[in-house]
Enquirer: 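Got a structure here, written out as structure tokens. Questions coming.
Chain naming here is simple, since letters A, B, ... match the order of the sequence lines and numbering starts at 1 in each.
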2 protein chains.
Amino acid sequence: MQKQETLSRNQKIILDLIEKSDQPLKAYSILFDVKKKGINAPLQVYRALDKLVEIGKIHKIESRNAFIACKNSKCQIAKATVFSICESCEDVTEIHDHKLSEHLRNFKDNKGMKYNKYNLEFFGLCKKCI
Amino acid sequence: MQKQETLSRNQKIILDLIEKSDQPLKAYSILFDVKKKGINAPLQVYRALDKLVEIGKIHKIESRNAFIACKNSKCQIAKATVFSICESCEDVTEIHDHKLSEHLRNFKDNKGMKYNKYNLEFFGLCKKCI
DNA sequence: TTAATTTTTGTTATAATATAACATAATGTA
DNA sequence: TACATTATGTTATATTATAACAAAAATTAA
Ligand SMILES: [Zn+2]
Ligand SMILES: [Zn+2]
Ligand SMILES: [Zn+2]
Ligand SMILES: [Zn+2]
């Protein structure tokens, strides 16, 4: 079973917002949206985001500095993410491909490095934008 | 043959600096270092970085907002990068693994998306830091 | 070799992203 | 309770990146 984290008030508010969007949100756009709920400072947002990323409820899209909710309940996935990003409309989709995940999870470099996490971002054009 | 780009003065200065480092450099640390050569503004650095990324001479490590020289002369690699990153000492290494590259290059999602580029970052502990 | 075009540069200002430092409150645990 | 841990609120500041405009240099194409 997945460890059930109890979220704090700010964390809940911000997770809620991110989960309502199917696309990544940026920190300052989140800040703007939660001001009506009494969250006033960037740091309050970033602290909640950090925590939510840490427990795998959301992921950061590194190339976009944006945050998207994870739809997958498997906790391990928090540290092993694959995204596809349309460079035209900026649509982002999390990819869950068993074979690809296995391949990446089992990858060993020739330096003896021990990986505990990876992030893969594919870029291209989505169906609509081709 | 690889297209031989002629670099401008600023581009050369900045590429030179990045190539001398085996680890990623951040834009403002680059700016600090090239001030003695008459490059005074962030934009001058970012413009050169953009160009160098575009032609594949350097790559951006997205999770670190830093730039590293590409050692691989195959031009295609510019848009298909794999890095390993030590979360303790921050050592970054570009990975060239034929099998992994093939796997990624051939990956097709179930959305009909056409990829022209990807970036993969592995995180863990290097030998020294284990 | 001029004229048009594109690329690069220089410069100032500002936008966007993220963290430091400190004080306090709430929560979990022995 | 007492202690430790986690979360909050707040102000200030650090870091990363781009906008807008003018001018110079390099390239291309009559
Ligand atoms: Zn996920
Ligand atoms: Zn699209
Ligand atoms: Zn490379
Ligand atoms: Zn290390």
Enquirer: Using a 4.0 Å heavy-atom cut-off across all strands, classify A:Q11 as base, sugar-phosphate, or nothing.
Expert: sugar-phosphate
Enquirer: Between C1' on D:dT8 and CG on A:N40, what's the gap in Å once rounded to a whole number?
Expert: 12 Å
Enquirer: Nearest of D:dA17, C:dT19, C:dT9 to any side-chain atom of A:P42?
Expert: C:dT19
Enquirer: Does B:R47 reach a base, just sugar-phosphate, or nothing at all? Heavy atoms under 4.0 Å.
Expert: base
Enquirer: Quick one: is A:N65 getting a side-chain N or O under 4.0 Å of the C:dT17 phosphate, OP1 or OP2?
Expert: no
Enquirer: Can you tell me which nucleotide in D:dT10, D:dT8, C:dT9 comes closest to the side chain of A:S8?
Expert: D:dT8
Enquirer: Please tell me if A:K60 has a side-chain N or O lying less than 4.0 Å from either OP1 or OP2 of C:dA18.
Expert: yes
Enquirer: How many Å lie between NZ on B:K12 and C1' on C:dT8, as a whole number?
Expert: 12 Å
Enquirer: Measure CG/A:L49 against C1'/D:dA7 and give the value in whole Å, please.
Expert: 15 Å
Enquirer: Can you check whether A:Y46 has a side-chain N or O nearer than 4.0 Å to OP1 or OP2 of C:dA18?
Expert: yes
Enquirer: Output the rounded distance in Å from CD1 (B:I13) to C1' (C:dG10).
Expert: 13 Å
Enquirer: Please find the pair of heavy atoms, one from B:K51 and one from B:Q11, that lie closest to each other, and give the distance.
Expert: CG-NE2, 3.4 Å
Enquirer: What are the two closest non-hydrogen atoms of A:V53 and A:K60, and how far apart are they?
Expert: CG2-N, 4.4 Å
Enquirer: Is any NZ, NE, NH1 or NH2 atom of the basic residue among B:E87 and A:K117 found under 4.0 Å from an Asp or Glu carboxylate oxygen of the other?
Expert: yes
Enquirer: State, to 0.1 Å, how close B:E121 and B:F123 come at their nearest heavy-atom pair, and which atoms those are.
Expert: O-CE1, 3.4 Å
Enquirer: Would you say a side-chain N or O of B:K26 is under 4.0 Å from OP1 or OP2 of D:dT15?
Expert: no
Enquirer: For C:dG10 and B:N10 - does any side-chain N or O of the residue sit under 4.0 Å from the phosphate oxygens OP1/OP2?
Expert: yes
Enquirer: By a strict heavy-atom criterion of less than 4.0 Å, which residues belonging to residues 27-38 of chain B are in contact with DNA chain C?
Expert: none
Enquirer: Between B:K99 and B:E102, is the closest basic N to carboxylate O distance under 4.0 Å?
Expert: no
Enquirer: Provide, to the nearest angstrom, the distance between the CG atom belonging to A:L52 and the C1' atom belonging to D:dT6.
Expert: 14 Å
Enquirer: Looking at C:dT9, C:dA18, C:dT11, which one has an atom nearest to any side-chain atom of B:L43?
Expert: C:dT11
Enquirer: Phosphate oxygens OP1/OP2 of C:dG10: is one of them under 4.0 Å from a side-chain N or O of B:Q44?
Expert: yes
Enquirer: Tell me: CZ of B:F67 to C1' of D:dT15, nearest whole Å?
Expert: 13 Å
Enquirer: Search all heavy atoms of B:K26 against all heavy atoms of B:R64 and return the closest pair with its distance.
Expert: CE-O, 3.1 Å
Enquirer: Pick one: which of A:L49, A:L52, A:N10 meets side chain to side chain contact (heavy atoms under 4.5 Å, CB included) with A:L15?
Expert: A:L52
